[in-house]
Amino acid sequence: MPEFERLLSAITTRTRRTRALSAFGLALLIGSGSLLCVVIVCHLLRTPIALRLPFGLAMAAVSSLSALLAAVLAGRRPVDLARLLLGLDTRLEAHARLSSLYELHRTHGNRVFQEALSPLVMQRKSEYLEALRIRRAHVGAIAVGAVFIVLLAGSPWLGSVLWATASEPVAMSGEPRGAEATAEEGVEAEPEEEPALEATPPSPDAGSSAGLLLDDVLGDLRSSRGADPEEPIDEDALTASEPSGTIQLEEEEASSLRDLLAAISERIRQTRSGELSEGERAAISEIVSEASDPLASDLEGLLGESDPDQARERIERLLSTTESFPETDESEAPPGIEADAESLDAPSEREPSTSRDTSEDQTTGGEDAPDAYPISDFDSGKEGLPELVEAQLPGEFGDTGGFVEYITKGVPVEPQESEAAEPASFVVDYERMESILDARSIPGNAYEVVRTYFELITEGGP
Amino acid sequence: MITEKDLERAQGAFHRLTEAIGTVIVGHGSVIDIALIALLCRGNVLLEGVPGLGKTLLVRALAGAIGLRFSRIQFTPDLMPADIIGTDILTEEAGHRGFEFSAGPIFANIVLADEINRATPKTQSALLEAMQERTVTVRARTYELEEPYIVLATQNPIEMEGTYPLPEAQVDRFLLKAKVPFPTVDELSEITVRNTEEGGLRLPEATASAEDILVAREVVREIPIAEGLRGYAARLVFATHPESELAPPRIRDFVEYGASPRAAIALVMAAKARAFLNGEVNVAQSDIDAVLDAAVIHRLILNFRGEAEGVTIHDLLQDVRQKVAVL
């Protein structure tokens with residue numbers, strides 16, 4: 001019965017194909033799903049290898065190949081036709097005709113019955129073949145498995161995006177070193193105790209908690225000066241030698257003072273009276289209350305002066321002083337740390353200046369201070385860049401010799417002497433810090449905030 | 001090997017046979033099928049039912065429709081084996097005396113052994129030899145019984161006193177067992193019509209011959225059955241054994257002994273015969289399921305607990321059907 005044999009062949013072929021596809025779908029789903037779970041765990045554990053493209057491709061390839069292998073093995077498995085055909089008969093309620101005909105065919109049974117059964121079987125040939133379709137569940141398994149394969153292949157990219165998103169908010173909190181930060185660390189986390197400020201970057205964990213706390217400190221600092229705490233932090237101002245806001249305010253004040261003094265001088269010249277008017281006296285008194293010595297002393301002297309010539313001399317002296325205010329130590333002191341420390345040591349010995357250092361001052365700073373080194377690599381004075389001072393540190397690092405460290409100007413740090421073999425360390429002199437704040441008319445309630453700031457960036461070091 | 005003509009002949013004969021019996025017997029469709037199946041399978045049937053249900057009429061109608069010799073043996077406690085199988089009698093002919101074998105009622109084609117459980121075991125065994133071997137041995141001489149041959153034995157479920165229950169080994173030789181049910185109201189009404197009016201009850205004319213039965217038997221043997229269904233029949237029988245892993249819980253609890261391999265043979269043969277009677281040319285699962293009770297019910301032996309709790313073997317076989325899958 002060639003027709004029946006063709007039917008058997010078609011059934012066998014379709015069965016193998018269906019088995020292969022079903023095995024492929026199940027193996028793909030299970031394999032890719034399992035590997036995807038492994039990859040997710042790797043990402044949760046921040047395993048670096050999970051971010052590498054070959055890792056994701058390898059996982060996808062392994063899963064696909066194993067599914068293909070399962071399909072090949074399933075397709076090549078022998079087909080138990082007797083059982084298969086009886087199953088088809090049972091499913092289709094075909095009165096076991098197909099399986100009985102196969103039994104006659106296999107045992108070369110009576111042709112009478114074969115001829116009687118054959119037309120009955122062939123009538124339902126298409127039904128038998130249709131019953132051997134791959135199930136929808138297995139098609140779904142293939143589809144889901146394919147999705148998992150795509151996710152596996154793209155897992156490094158996805159992971160890098162997620163990692164970056166997770167670390168981005170903390171990184172933007174002001175951690176200067178760009179170390180990793182985790183959002184899980186509480187805002188109130190105590191800064192980790194670290195040894196003295198070293199020339200090595202702080203640990204990422206300390207930096208992350210410090211970064212969060214630093215936000216609070218900076219916010220407090222701005223709010224204490226009357227600024228909006230939610231205003232984005234001007235990081236340039238923080239790293240500049242002088243806070244730009246403070247510079248602007250002092251410039252305004254200096255300008256106002258100069259205008260006032262000029263007006264008073266002109267009035268004295270015209271009226272030949274050294275005594276200040278009520279308005280002049282009130283304006284000067286207000287400035288005296290906010291200013292610190294020696295400006296306050298000079299202004300008080302002016303308040304008590306009655307001789308017009310003496311008054312005008314005082315005014316001339318004050319004008320010459322306010323023109324250079326807020327000249328900082330950069331113009332006088334060398335970029336070297338020792339020079340900075342010396343200038344900060346005696347703030348009363350110099351004229352506070354409200355003017356900002358220019359690049360010329362910066363570059364000429366080296367000429368005024370024999371120990372200073374010209375800055376060559378940094379275009380300091382440009383907006384947005386911190387003013388850095390190249391300094392020669394005592395001691396050496398390792399076998400390679402000298403080490404040049406750059407520190408942010410204005411930070412009241414000074415090196416500690418150490419043995420050549422020991423790494424250099426820095427200390428923050430908080431008393432000098434307070435004197436600097438005082439010289440720059442920083443409100444007293446901000447002292448603690450600034451102290452906390454330096455404690456954070458030095459990670460609790462001296 | 002049968003031909004297509006044989007197949008047509010056999011199918012036609014039994015179609016007519018079924019119709020002829022139906023003209024006499026009201027209802028009892030399943031019992032008639034059991035009897036015909038046993039006839040086709042060269043087996044014997046154990047009928048169980050109260051008196052007056054038409055068991056004798058059924059057998060007589062069957063014999064009449066086939067045109068075969070019919071005999072009825074009423075078993076009593078004093079019945080002797082010679083009363084069944086026959087004996088040598090002294091005869092005189094032309095002055096010569098000799099012994100001549102006088103065949104007993106067992107020498108027929110269709111034998112109705114009524115209330116077989118009333119006879120002694122010795123007498124029962126004489127009948128059972130004929131059933132199994134299709135021979136009768138008298139005084140060292142063996143006489144063959146004429147085919148087709150079938151014994152339909154009855155057991156009266158009411159009368160318990162003075163009975164000798166058939167040993168399990170002897171019961172196992174019956175191919176099938178059928179319970180003759182009480183007719184329904186409509187059937188009973190029809191019975192009264194046929195027996196009290198229209199000239200009374202008449203036995204059917206012969207519509208088939210012994211030759212037709214023999215051909216039909218060959219056809220039934222060659223009816224194909226799928227290998228998986230053979231395995232299904234075997235698993236069904238296997239599941240009746242309490243120690244089997246296929247046995248349902250109640251089989252384990254209430255059955256002492258399961259069915260013998262004869263049950264598997266009977267199941268397959270009876271399924272083939274049923275398929276033939278239904279006009280099919282192959283065995284289906286439904287055929288096996290339909291004859292399971294008849295082929296196995298008399299072969300299971302309940303334990304004391306099963307008998308005490310009144311568990312029926314029919315219910316136990318239902319559990320077996322549910323437990324055993326075709327694949």
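The chains referred to below are lettered A, B, ... by the order of the sequence lines, with proteins before strands, and numbering in each begins at 1.
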Within 6.0 angstrom of B:R134 CZ, more than 12 heavy atoms from elsewhere: yes

For the student: nearest non-hydrogen atoms of A:F113 and B:V281, plus distance: CD2-O, 3.5 Å

Within-4.5 Å side-chain heavy-atom neighbours: B:I223 and A:S100: no

Check: B:N282 side chain, A:A96 main-chain N or O, donor-acceptor pair, under 3.5 Å: yes

NZ (B:K323) with more than 12 external heavy atoms under 6.0 Å: yes

From OG1 (A:T107) to CD (B:E227), nearest 0.5 Å: 10.0 Å

Short side-chain to backbone donor-acceptor contact, A:N110 and B:E222, under 3.5 Å: no

Heavy atoms from other residues, nucleotides or ligands near CZ of B:F238 exceed 12 (cutoff 6.0 Å): no

Heavy-atom proximity to chain A below 4.5 Å, by part of B:I225: backbone

Contact check, side chains of A:H95 and B:Q285, non-hydrogen atoms, under 4.5 Å: no

Distance in Å, A:R111 CZ paired with B:E4 CD, rounded so as to fall on 0.5 Å steps: 10.0 Å

Contacting region of B:D287 [heavy-atom separation from chain A under 4.5 Å]: side chain

Greater than 12 external heavy atoms within 6.0 Å of B:Q132's CD: yes

B:E147, CD: over 12 other non-hydrogen atoms inside 6.0 angstrom: yes

Residue B:R250 excluded, over 12 heavy atoms near CZ under 6.0 Å: yes

Contact origin within B:V283 toward chain A - heavy atom pairs under 4.5 Å: backbone

Crowding at CZ, A:R106 (>12 non-hydrogen neighbours, <6.0 Å): yes

Contact class of A:L86 relative to chain B, heavy atoms under 4.5 angstrom: both

Flag if over 12 foreign heavy atoms under 6.0 Å of CD, A:E93: no

